[in-house]
Amino acid sequence: MTSELPKAYEPSAAQARWVKEWEARGYCDADPIPGREQHTIMIPLPNVTGALHMGHCLNGTVQDLLTRWRRMQGRVALWMPGTDHAGIATQAVVERRMLEEEGLTRHDIGRDALVERIWKWKDEYEVRILNQLRQIGASCDWRRTRFTLDDVCSKAVRRTFFKMFSDGLIFRGKRLVNWDPHLQTAVADDEVYTEDVDGNFWTFNYPIVDDAGQPTDRVIRFSTTRPETMLGDTAICVHPTDERYTDIIGRMVRIPVNGRLIPIIADALLADKELGTGAVKVTPAHDPNDYACGLRNDLPMINILNSDGTINEEGGEFEGMDRKTVRKAIVAKMEELGHYEGVEDRKIPKKFSDRSKTEIEPYLSDQWFVKMDTLAQSAMDAVSDKRVKIFPQRFTKTYMDWLGEKRDWCISRQLWWGHRIPIWSKKLDTSPELMEKLLSYYSQKNDGRDVSDGSIFCPVPEHAGSITAVITDGIEPGEKLLLMCVADGCEELEQQLQTDGFVQDPDVLDTWFSSAVWPHATLGWPNETSNPPLAGSENSQSERSAGGKNEVLDYFYPGSVLVTSRDIISLWVARMVLMGLYNMKEVPFEHVYIHPSIQDSFGQRMSKSKGNGVDPLDLIDKYGTDAVRFTIASIAGDTQDVRLPVGYECPHCEAVTLQTIKHQNMKPDGGPTPSITCKDCKKDFQFPSPWFKPDEGAAVARIVSDRFDFGRNFCNKLWNASRFAFMNLEGYTPGAIDSVDLKTEDQWILSRLATTAQQVTTMLGRYQFDKATHTVRDFTWNEFCDWYVEMLKPRLKDESARPLAQRVLVVVIDNLLRLLHPFAPFITEELWQKLNELAGVRGLNQQTAAADSVMIAAWPWQQMENSNPKSEISDLSEALISAELESRFERLQETVVAVRNIRGQYKISPKEPLKLFMKCSPEVAAQMYAVADQFDNLSRTMLEAAGLDITPPPGAAGFSLKDADGYVPLDGLVDNTAEKAKLEKQQAELQKQIAGSEQKLGNPGFVDKAPPHVIDAFRKTLAERQAQLESVARMIEELS
RNA sequence: GGGCGAUUAGCUCAGUUGGCUAGAGCACCUCGUUUACACCGAGGGAGUCGGGGGUUCGAGUCCCUCAUCGCCCA
């Protein structure tokens, strides 16, 4: 039977086949197995706004690598997939599209219709994203896929909110938000961009008044870019050490345009002596810095705007004017009143809303907050006492610093897409009968305690545990509001509240609120009596659980490791820890691995908004998933961010045009779709971009990056080495491998294989994916392929040597495929299947039938902590590792290289046989004889003689190794002058090194202070070099 | 403004608690189709480790400073 593989690996066919097959066989499913260790990773839920990019690809590769590795180690490895509703981002995308395509705003269609549209969008993109994940080989338990707005997660969010509210951790407060007057919503900081625009810098003055409020002869001058906000000024601020003003601090001034009296205050953080007049107006309700100043100095905060950006009733005569026109009116009025001093042109940084492109207005509004003091402290404690460890460690500082501020968390968002805040409110004074009911309840249950102070209480005793309430101040003076918070699963209560005239809060929760409970929400919390439902199998055994417990939650929580990027350490990681502690009393994961970010060739972070994103599927299409994963893994270490220069591959001639910033920014702008002219074939082509879709039927470039050659070349190498092996497995029989029969190269490759397995295992445990990848690559390429396979070739042709050679070869490939599987799952599976056909029973110590799939085979290195009860035990162990053997082999390699160099030097054909004489100790000579046939095989050289008594043959080229000298007779070909020059060069180098070492060892400072092992090492190398120098000198002598 | 990090070969990156002659892949040059692989093999050239100062017997590695870049938080 001959079983030849195709000459090249076909990634797409293998990927399509195994994605389906693994899932069908249930290899990715993780169900609790009592007594077995688990390994749990919760995916950093991607937003359903669009497609995945290279950052996700890196993130996913790392998680899958860990999951496959742990699964092979015998753990029940759960990788929980899912997506995030991503409140503002998703709603923004859908709204923008609606506006562009239909000219509709959300107010035109209403809340329910908008939410329905967003659900449709979500369904489409969720499928796309989960598909992309499958394409990168993600071995998620797809049955458990969750979405932050699905029933399971919603329940958890709702319960958490209720719990927090009832514990008094959620409160209502004011906050300055970025208000978009066009969309009439608050927007997040990251949805706001700043641009320098042409503006004016006006200077005005306010008259200082006396105690009676009458004008004095003094004024205070200040400059501003936003005169209209003087309607909301509540102070003038100067620096406390500014001598121009110290005497008037505490005096009052009158705002000319509305007559209000405001104080002159001193605040070193707001006022700058060097800037302008040194005095500034303070408008706490309409500027972030002024707001902070207002809080520090207990100033009134006057909101002068309506939500549409027009002036409200606080503006007096200006009420109803647009914020743009009121500015001119104010300036004119100030001029008319004689308080205008001048104006100059200036570039002014202004904030704009990403979505509507309108100017942002800082705006004071009612928001919901989570009290962070004790929660933040608990999350800090978890890291400081090492219940959660962050890798690399330096990121603990980011985490700690942010939590240490303990700033209350604003959780309300003025959006329609998200978890609606489960609060119903009603003005107390409009419902006397309810008030009556309440008060009677308090007097019974709360010992007559007055609850108008904001204490939490249960308003409906028969629903204790499902509803809590608080009384707060309303907007109107003296008004009281009754706020009711209802737990999950109490629809009738909600109905009752509606009937009673309560109104549900229109806001939704910050997306991060639901993300924060992700690690336990996905496992079914708060349901503690049954397992969470599985997709596609309602009511099957999935929900069944013995003893009325949620076994899934018990088993998989807490998780093992969170894999994410550093920009969401505070937004997400910290909040998951505190929510986990709050709801579960346990941290959500033991480790956090922060991986590098991917940048473009200019050091910019890859992101949609920069137009430099790369779709991993483009790269997978070009290089194959395994190549992409292998390359990605090779750059995921713990040091720094990584640059990924990409180019556009011409669809006509395949020439690559490197991507520049110009390409990233090309937009149609109403004109034709941008295109690039190929520098080689001069034809035009279009290219993928976040700004536009290529025209129907146009020739579109593919995004490529030669960094992925690294992985692609490796896969090719692995494929072909295996192909060679498989071609030589004819007649393979399993059988015991007696260690006395093993040749030097067999022992060496097994020693190197075991060392590699051990190192890779250690490195993966430390999240050093880059090192692990390079280690396994170098072993495969530089040791297995370049040396071992070459050495095996003659043995495979020799009938008597063949059976053993085949067995060892099979063992090495078997273990190599396992080691590589987490890095390159598809190609290793393809090869594993083939290997099973040819050598289904195999092993070093024990002959066993191989696993049906490499995905469920045992990891080749067993550690004490892990055992794999379901499958065969690995053969590799420390007993195989021998440093002495490895260094002995190195000498063989050096000898072969030296002979090859002589061929090169004298231009001798590789086919020309040569003779070799080695002058060396008897021990070394014995070792040389043991591998003599390999000199012939690898460098077509016969070892004629080796030993101390070798006399150099005449007319030979020579070389000197550390503990042996070699001579290759060249029959008059030899050029004595060149030989001499070569040796003299080596001699000079040795002398230089020896001089360096001697100088060092002659330095009293060094021998006195350096540690003994360093000094010994120097002495040893010095001695070796001196010995080698003698050899070299002698060889030069011999030539003369 | 505060914090974290980076700057090493043409490009992309490694470089353990300071210790012998600073490494790899790609690119480049020379040679080579030997029955796995040209996505290959055998060789080779290439870096005053961002600048300056300091500590030390010894600095790519530690400290200070300057420059440039990235990220997070104000």
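Residue numbering restarts at 1 for every chain, and letters A, B, ... go by the order of the sequence lines. None of these values were measured; they are calculated from a predicted model.
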Under 4.0 Å, heavy atoms only, any strand: does [X] hit a base, just the sugar-phosphate, or nothing?
{"X": "A/E790", "answer": "base"}
{"X": "A/D786", "answer": "sugar-phosphate"}
{"X": "A/C715", "answer": "nothing"}
{"X": "A/K797", "answer": "base"}
{"X": "A/K992", "answer": "nothing"}
{"X": "A/P1011", "answer": "base"}
{"X": "A/V642", "answer": "sugar-phosphate"}
{"X": "A/R712", "answer": "base"}

Exercise. Below 4.0 angstrom, N of the basic side chain to O of the carboxylate: do A/D936 and A/R940 qualify?
Worked result: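 Yes, charged N to carboxylate O under 4.0 Å.
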
For this session: Considering only NZ, NE, NH1 and NH2 on the basic side and carboxylate oxygens on the acidic side, decide whether A/D709 and A/R712 come within less than 4.0 Å.
Result: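 Salt bridge flag = yes for A/R712 with A/D709.
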
How about [X] and [Y]: does a side-chain donor come under 3.5 Å of a side-chain acceptor?
{"X": "A/Y9", "Y": "A/D626", "answer": "yes"}
{"X": "A/Q905", "Y": "A/K982", "answer": "yes"}
{"X": "A/Q1028", "Y": "A/Q993", "answer": "no"}
{"X": "A/Q659", "Y": "A/Y648", "answer": "yes"}

Taking the [atom1] atom of each, how far is [N] from [M], in whole Å?
{"N": "B/rU7", "M": "B/rU12", "atom1": "C1'", "answer": "14 Å"}
{"N": "B/rU65", "M": "B/rC4", "atom1": "P", "answer": "13 Å"}
{"N": "B/rC62", "M": "B/rG44", "atom1": "P", "answer": "33 Å"}
{"N": "B/rC37", "M": "B/rA42", "atom1": "P", "answer": "15 Å"}
{"N": "B/rG50", "M": "B/rU8", "atom1": "P", "answer": "6 Å"}
{"N": "B/rC13", "M": "B/rG5", "atom1": "C1'", "answer": "16 Å"}
{"N": "B/rG47", "M": "B/rA22", "atom1": "P", "answer": "12 Å"}
{"N": "B/rG1", "M": "B/rU55", "atom1": "P", "answer": "31 Å"}

Exercise. Hey, does the side chain of A/K717 come within less than 4.0 Å of B/rG41's phosphate (OP1/OP2), counting only N and O?
Worked result: yes

Problem set entry | Under-4.0 Å side-chain N/O to phosphate OP1/OP2 contact, A/K1000 with B/rC20 |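 False: A/K1000 side-chain N/O out of range (4.0 Å or more) of B/rC20 OP1/OP2.
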
N/O donor-acceptor pair under 3.5 Å between [X] side chain and [Y] backbone:
{"X": "A/R802", "Y": "A/L796", "result": "yes"}
{"X": "A/R903", "Y": "A/E912", "result": "yes"}
{"X": "A/R723", "Y": "A/L5", "result": "yes"}

Problem set entry | Protein proximity profile, nucleotides 67-73 of chain B - base contact B, sugar-phosphate-only contact S, no contact -, cut-off 4.0 Å on heavy atoms | ---SSSS

Problem set entry | Annotated protein contacts, base or backbone, on nucleotides 25-31 of chain B with a non-hydrogen cut-off under 4.0 Å, one of B, S, - each | S------

Is there a Watson-Crick or G-U wobble partner for [N] with both distances under 3.5 Å, and which nucleotide is it?
{"N": "B/rG1", "result": "B/rC73"}
{"N": "B/rG58", "result": "none"}
{"N": "B/rA36", "result": "none"}
{"N": "B/rC13", "result": "B/rG23"}
{"N": "B/rA67", "result": "B/rU7"}
{"N": "B/rA42", "result": "B/rU30"}

Between [N] ([atom2]) and [X] ([atom1]): distance, integer Å:
{"X": "A/N720", "N": "B/rC37", "atom1": "CG", "atom2": "P", "result": "6 Å"}
{"X": "A/F714", "N": "B/rC39", "atom1": "CZ", "atom2": "C1'", "result": "13 Å"}
{"X": "A/K771", "N": "B/rA24", "atom1": "NZ", "atom2": "P", "result": "17 Å"}
{"X": "A/N716", "N": "B/rC40", "atom1": "CG", "atom2": "C1'", "result": "8 Å"}
{"X": "A/L5", "N": "B/rA36", "atom1": "CG", "atom2": "C1'", "result": "10 Å"}
{"X": "A/F784", "N": "B/rA36", "atom1": "CZ", "atom2": "P", "result": "13 Å"}
{"X": "A/Y788", "N": "B/rC37", "atom1": "OH", "atom2": "C1'", "result": "19 Å"}
{"X": "A/Q1028", "N": "B/rU21", "atom1": "CD", "atom2": "C1'", "result": "13 Å"}

Problem set entry | Centroid-centroid under 6.0 Å between A/F769 and A/Y593 rings |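 Ring-ring flag for A/F769/A/Y593: true, centres closer than 6.0 Å.
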
Between [options], which one does the side chain of [X] approach most closely?
{"X": "A/K911", "options": "B/rG19, B/rU34, B/rA38", "answer": "B/rU34"}
{"X": "A/R723", "options": "B/rA36, B/rG5, B/rG58", "answer": "B/rA36"}
{"X": "A/P645", "options": "B/rG43, B/rG58, B/rU12", "answer": "B/rU12"}

Problem set entry | N/O donor-acceptor pair, side chain A/K397 with base B/rC4, under 3.5 angstrom |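 Side chain to base: no pair below 3.5 Å.
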
For this session: Would you state whether a donor and an acceptor, one from the side chain of A/T1021 and one from the base of B/rC20, lie under 3.5 Å apart?
Result: yes

For this session: Select from A/V789 and A/V1014 the residue whose nearest nucleotide in RNA chain B is closer to the 5' end of that strand.
Result: A/V1014

Problem set entry | Residue closer to the 5' end of RNA chain B, A/L644 versus A/N901 (nearest nucleotide) |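 So the residue in question is A/L644.
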
Exercise. Atom OG1 of A/T625 and atom CD1 of A/I632: how far apart are they, to the nearest 0.5 Å?
Worked result: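 CD1 of A/I632 is found 11.5 Å from OG1 of A/T625.
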
For this session: With rounding to the nearest 0.5 Å, note down the distance linking OG in A/S565 to CD1 in A/I594.
Result: 7.0 Å

For this session: May I ask you to decide if the ring planes of A/F1006 and A/F1018 are parallel, tilted or perpendicular, using 30° and 60° as cut-offs?
Result: perpendicular

